[in-house]
*Asks:* 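Could you have a look at this structure, given as structure tokens, before my questions?
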Amino acid sequence: MKRTLPLVLGFGAGLVMLLDSFFNIPFVNNLAQRYFMRSITVSVAWAVGIGSLNLLRIHFRNISQRRTNWMFSAWLVFVFGFMAFSGFFLVGHNQNPFYTFFYSSLQQNLSSTVYALNAYYMVSACYRSFRVRSMEAGALLVVAIIVMIGSVPLGAYIWGGFPLLQDWISKMVNDAAVRAMSIGVTLGSLSQSMRNLVGVERSYLGGEE
Amino acid sequence: MSAMLSGWLKTDSASRLGLATIIFFISYAVVVSIQYYRATATTLPMPKLRRVAGLDAIDEAIGRATEMGRPVTFNTGASAISAATLAAIAVMGYVAHQTAKFDTRLIVPMRFHEVVPIALSTIQMAHIEVGKPETFRPDDVRYLSSDQFGFTSGCIGIIQRERVAAQMLFGNFVSEALILAEEGSIAGAMQIAGQVNVAQTPFLIAACDYTLLQEELYVASAYLSKNRIRIGMIAAQDAFKLILVGIIMVGIIASAFGSSIVSDLLTLY
């Protein structure tokens, strides 16, 4: 029963959502839009609570057992409480200037800083992959050089054919491969969804049987 | 015909009969294949799956982590509940089973709250199945942040502090993919990735030891479990792909001769 009920509920809800996507059946459309879509919002709200409890439990345990680097856990709990208090209780909630100052001036900047790591890592990953150790790696290097040179004004200055070659590689060769991959991903995604819908794949319920 | 169908079918967006027909055809093929392989389980040979090096390397990566006495990390991607996440969770179930068997720590950083309970129950069940429920550590399933780069910096911290020996990136990743993969590489971890975002695939191929190409992620659970019915569904998926390739070829030839018959048929409603 512990397994059967979620499977039956999953199949029923999945079928309703599937029918709602393609057919005009008032009962099904109403059920999907008014009840199921709202229930997603409610269940995600519960999940926020579970996630927050998971976070706090781990870090309170780090603090109480004085594990390595426990002071970072204490800082996290303080910042968590501080931002939650500001968002919940200050006038205007998440529009309050005090709250938006910390969000816009700290959180967003820190996010951008981590994102900027991509620039450095692209170079280091390129360095490793462009080492010519095989015919394939050699071909990759040649194509990459053409695309890189063709994408910058210097390429057109050296030879007018570089931008055209770069454009041809991107539009003809690259797009064809990407579209083939997209077809495979779509079919795989449908197959995975169907396996979950009919209960063949049930690992998300915890274990296989 | 068109007027009759348009009353039943939603025609407000891309959901036209062409698309609907394709989806229902797949559903039909999949369900037929389930019944087929259930009915003929003992009489017909199982369809053969080609080797996927990335999936074969999972055991090697766990073995390496066990020998080094260091943990394995498993990321389920940057989307909440989706087909890619569910496929990643299926792989995570296998990894949890193997790590529990060899008493190796498995750390699962999480970006979405709703995946946390699923991951917890999957890993706990794996420990119970191998007869070691006492070795399950709920603290190793860690919700970090819903913010993309808050999550990423949390993962970087875990990779560096715990000195992970193996890193697995399965699911749907966006711009954090390269950062995670390169951090794993700096930590000296063996890396296996399988994700469905076409734009991120080149980064993972460049940075990881093994990368599953796109739809190979969806084959993973059938490949690892050797489950007859799941393998049957993969065979049905491949058969349908052949049909699609046929339709595309006919469309190319028809359009070369100035006919739009195939595209007209696919958008008919």
Side-chain angles (χ1 to χ4, degrees), chain A residues 18 20-25 43-44 46-52 54-55 57-58 61-62 68-69 72 107 110-115 117-118 120-122 124-126 128-130 178 181-198 200-201 203-208, chain B residues 7-10 15 20 23 26-27 30-31 34 83-84 86-87 89-90 93 110 113-114 116-118 121-122 124-126 128-129 139 141-143 147-150 152-153 161 175 178-179 181-182 196 198 203 205-207 213-215 217-219 221 225 229-230 233-234 237 240-241 244:
Chain A
L18 195 66
D20 175 60
S21 299
F22 296 104
F23 296 105
N24 286 316
I25 307 168
S43 55
V44 167
W46 274 101
V48 172
I50 293 172
S52 305
N54 174 283
L55 184 82
R57 192 190 63 197
I58 290 169
R61 205 171 286 173
N62 286 349
T68 316
N69 296 326
F72 293 125
Q107 201 266 346
L110 289 171
S111 278
S112 304
T113 307
V114 178
Y115 180 57
L117 285 173
N118 266 316
Y120 165 71
Y121 286 140
M122 268 183 209
S124 65
C126 281
R128 286 211 306 278
S129 47
F130 289 167
V178 166
M181 283 181 180
S182 300
I183 290 172
V185 168
T186 308
L187 284 175
S189 178
L190 281 169
S191 177
Q192 175 75 35
S193 307
M194 192 53 68
R195 289 204 297 267
N196 288 120
L197 197 66
V198 297
V200 170
E201 179 90 50
S203 47
Y204 67 97
L205 295 174
E208 290 296 313
Chain B
W8 279 88
L9 286 169
K10 285 192 172 177
S15 56
I23 289 170
I26 293 174
S27 312
V30 166
V31 173
I34 294 170
L86 292 173
I89 285 168
M110 287 276 155
H113 321 93
E114 50 266 51
V116 173
I118 300 173
S121 69
T122 303
Q124 186 173 25
M125 193 55 72
I128 292 168
E129 279 171 4
D139 284 5
V141 178
R142 302 179 188 172
Y143 167 70
D147 178 76
Q148 185 183 5
F149 293 106
T152 308
S153 56
R161 280 194 303 275
S175 52
L178 182 62
I179 299 175
E182 280 295 285
V196 294
V198 179
F203 295 132
I205 290 173
L213 279 178
Q214 309 293 310
E215 64 185 301
L217 172 64
Y218 297 117
V219 181
S221 77
S225 69
I229 300 164
R230 289 182 205 168
M233 294 178 88
I234 303 298
Q237 180 187 326
F240 193 77
K241 199 189 291 175
L244 275 185

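The figures that follow rest on heavy atoms only: side chains count, while hydrogens, waters and symmetry mates do not. Computed from a predicted model, the values in this text were never measured in an experiment.
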*Asks:* Is it the backbone or the side chain of A/Asp20 that comes under 4.5 Å from a heavy atom of chain B, or both, or neither?
*Replies:* both
*Asks:* To the nearest 0.5 Å, what is the distance between OH on B/Tyr143 and OG on A/Ser52?
*Replies:* 6.0 Å
*Asks:* When you compare the side chains of A/Ser43 and B/Glu114, does any donor N or O come within less than 3.5 Å of an acceptor on the partner?
*Replies:* no
*Asks:* Suppose we screen for salt bridge (charged side-chain N to carboxylate O under 4.0 Å, His left out). Which residues come up paired with B/Asp147, at least two apart in sequence or across chains?
*Replies:* none
*Asks:* If you round to the nearest 0.5 Å, how far is OG of A/Ser124 from CG of B/Leu178?
*Replies:* 7.0 Å
*Asks:* Using non-hydrogen atoms only, which part of A/Ile25 is less than 4.5 Å away from chain B: side chain, backbone, both, or neither?
*Replies:* side chain
*Asks:* Is chain B contacted by the side chain of A/Asn118, its backbone, both, or neither, given a heavy-atom distance below 4.5 Å?
*Replies:*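 Both backbone and side chain of A/Asn118 come within 4.5 Å of chain B.
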*Asks:* By a 4.5 Å heavy-atom criterion (distance strictly below it), what part of B/Val196 contacts chain A: side chain, backbone, both, or neither?
*Replies:* both
*Asks:* Heavy-atom pairs under 4.5 Å with chain B - which of A/Thr68, A/Ile50, A/Val44, A/Asn196 has more of them than the others?
*Replies:*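 Answer, by heavy-atom pair count under 4.5 Å with chain B: A/Asn196.
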*Asks:* Which one of B/Val198, B/Thr152, B/Ile179 has the most heavy-atom pairs closer than 4.5 Å to chain A?
*Replies:* B/Ile179
*Asks:* Let me know if A/Ile183 has heavy atoms under 4.5 Å from chain B in its side chain, its backbone, both or neither.
*Replies:*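 Only the side chain of A/Ile183 comes within 4.5 Å of chain B.
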*Asks:* Quick check for you: to the nearest 0.5 Å, what is the distance between B/His113 atom NE2 and A/Leu55 atom CG?
*Replies:*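 Here the rounded value is 9.0 Å.
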*Asks:* What residues form a salt bridge (charged side-chain N to carboxylate O under 4.0 Å, His left out) with A/Arg57, not counting sequence neighbours?
*Replies:* B/Asp139
